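Working notes, beginning with the structure itself.
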Protein chains: 2
Amino acid sequence: MSLPHALLGLLASQPGTGYELRQRFEASLGNAWHASHSQIYPELGRLEDRGLVEVIAHGSRRSRTWAVTADGRAELRRWLTETEPNRDVRNEPLLRGFLLFLLEPEERTAVLRRELAAAEREGAALAATAAELDGDGGASRFRPIVDLGLRSNAVLQEWLREQVGEAG
Amino acid sequence: MSLPHALLGLLASQPGTGYELRQRFEASLGNAWHASHSQIYPELGRLEDRGLVEVIAHGSRRSRTWAVTADGRAELRRWLTETEPNRDVRNEPLLRGFLLFLLEPEERTAVLRRELAAAEREGAALAATAAELDGDGGASRFRPIVDLGLRSNAVLQEWLREQVGEAG
DNA sequence: GCCATCATGTAATTAGTTACATGATTAG
DNA sequence: CTAATCATGTAACTAATTACATGATGGC
C-alpha cells in the first residue's frame, strides 16, 4: 500500500490541506498514483495517530493544513531506501494496447487516434509543468522526474503515430 | 475493473487454464496488469455465467482449458472501441522517483542503481520476448506492443544512468 | 441572496491481497 | 517413493471506489 507514503511525500514537498493533496495527485503525481478524498481524509487521521503528520494551521472553511513531522520524514527515507518497490503496475491504456490485434484495421486506427490525442494532451500538460518549473528560478527538485515523463511521452506519441500510419 | 477484459484478451490470444493465465500475466502483461489465482478462478466462473468464456477441454490434474466465446469477443471489441480507458495508472516505482529529492546524494544513488538493475532485467526479458516472436516466423500480433515496451525501457535506462552519473 | 467552489467526512460496495487448504502428475 | 510443480479452490482481510451527506466562504 503506497497511499500513506504518497501522502507523506506530497506533504514533504509542500504542506497542504486534504483537498489540496487531492488536486496534487492529479497535477503532479497523475502518472504514478492517485486517490480520492474519501481515502485521503481517513489516511491523514491514521498518519496523525502514528505521529508522521501534524496540523500546522487552521484556515477558513474549517480547513486544516497538514505537514510531515521529523518522524514522517524518517519513515519516508526508510521506505525509499530499505523496502523493495512493488513493481505490479496497473495501466489500463497499456493493457488495451496488447489487445489491439483483435480489432479490424479501421477500428484499431480510431482507437489509436484517441490514444494519440490523450498522449498529446498529457505531453502538453507535462511541457507546461516543465516550463513553470524552469521559470521559477530553475533547478526544481521535480525537474528530473518531469523530464522522464516528457521523454516517455515522446516515445509513446512516436509509437502511436507509427501505428496509426501503418494501420490507416 | 479491467480484470474480466484482461482475461478475455488473454484467452482471445490463446486458450488456456487458469494456472496458465496467471503465468501469462507475468510473462506478457506484466507492465500493464496482473492478478493472482485467487482472483482469476472466481472471475472465470463469472465470465462463464455471462456466456463470455467456455471450457473447451479437460486435461490432467483436473485442469480445464478455457476459451473465449463469440459473445466474449464481441464484448472485448465493444470495450476496446466504445469505452474510455481508465487512465488512473498505479506505478509505485515511478511514485518513488518523485520522492528521490528527499534523499541524500549517496542514498539516492544507491536507490537509482537498484532501479537501473531492475530496468536492465526488464529490458533483457523484453528483448528475449522480441527475439522469440521474431524467430517464430515473424510478424506476431504482439510485436508492436513489445516494441513500445523496449523503447520505453531504453528511455528509462538512459534516464537512470544520467541520474546515477550526476548524483555519484 | 445565491451559486460555484472549497472543504471535510462516513457508509456501502467492489476489487485485490494474503493466508489457508487440498489433490494430481511427472521427473528423478 | 518423494519432491517439485501443476492445478484449483475458499476465507479473511485490506484497499479503493462510489454514493451519500453536510457545511463554509467568496464572488457576483
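A note on names: the letters A, B, ... follow the listed sequences, proteins ahead of strands, and every chain is numbered from 1. Just so you know, these numbers come straight off a predicted model, no measurement behind them.
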When B:Thr129, B:Leu10, B:Ile145 are each screened for side-chain contact (heavy atoms from CB on, under 4.5 Å) with B:Ser28, the one that passes is B:Leu10
Looking only at heavy atoms, the pair that brings A:Leu99 and B:Gly9 closest together is CD2-CA, 3.5 Å
Below 4.0 angstrom, N of the basic side chain to O of the carboxylate: do A:Glu48 and A:Arg64 qualify?
no
Exercise. Any side-chain heavy atom of A:Trp66 sitting closer than 4.5 Å to one from A:Leu47?
Worked result: no
From NE2 of B:His37 across to C1' of D:dA11 the rounded distance in Å is 12 Å
When rounded to whole Å, the CD1 to P distance for the pair B:Ile40 and D:dC6 reads 14 Å
Does the plane of the ring in B:His5 sit parallel, tilted or perpendicular to the ring in B:Trp79? Use 30° and 60° as the thresholds. parallel
So, are A:Arg77 and B:Glu104 salt-bridged, with charged N and O less than 4.0 Å apart?
no
Do NZ/NE/NH1/NH2 and the carboxylate oxygens of A:Arg87 and B:Glu115 come within less than 4.0 Å?
yes
Between B:Leu44 and B:Gly18, the two heavy atoms sitting closest are CD1-CA, 4.0 Å
Would you tabulate the pairs of protein nitrogen or oxygen atoms and nucleotide nitrogen or oxygen atoms of nucleotides 13-17 of chain D closer than 3.5 angstrom?
unit_1	atom_1	unit_2	atom_2	d
D:dA16	OP1	B:Arg90	NH1	3.3
D:dA16	OP2	A:Gln39	NE2	2.8
D:dA16	O5'	A:Gln39	NE2	3.3
D:dA16	O3'	B:Arg90	NH2	2.9
D:dT17	OP1	B:Arg90	NH2	3.0
D:dT17	OP2	A:Gln39	OE1	3.4

- Query: Does the side chain of B:Arg161 come within less than 4.5 Å of B:Glu158's, by heavy atoms?
  - Reply: no
For B:Glu107 and A:Thr81, which I'm curious about, is there any donor-acceptor pair between the side chains at under 3.5 Å?
no
Of B:Tyr41 and A:Arg61, the one whose closest nucleotide on DNA chain D sits nearer the 5' end is B:Tyr41
Under a 4.0 Å heavy-atom criterion, DNA chain C is touched by chain A from C:dT5 to C:dT17
For DNA chain D, the expected dot-bracket line (Watson-Crick or G-U under 3.5 Å, [ ] crossing, | inter-strand) is ||||||||||||||||||||||||||||
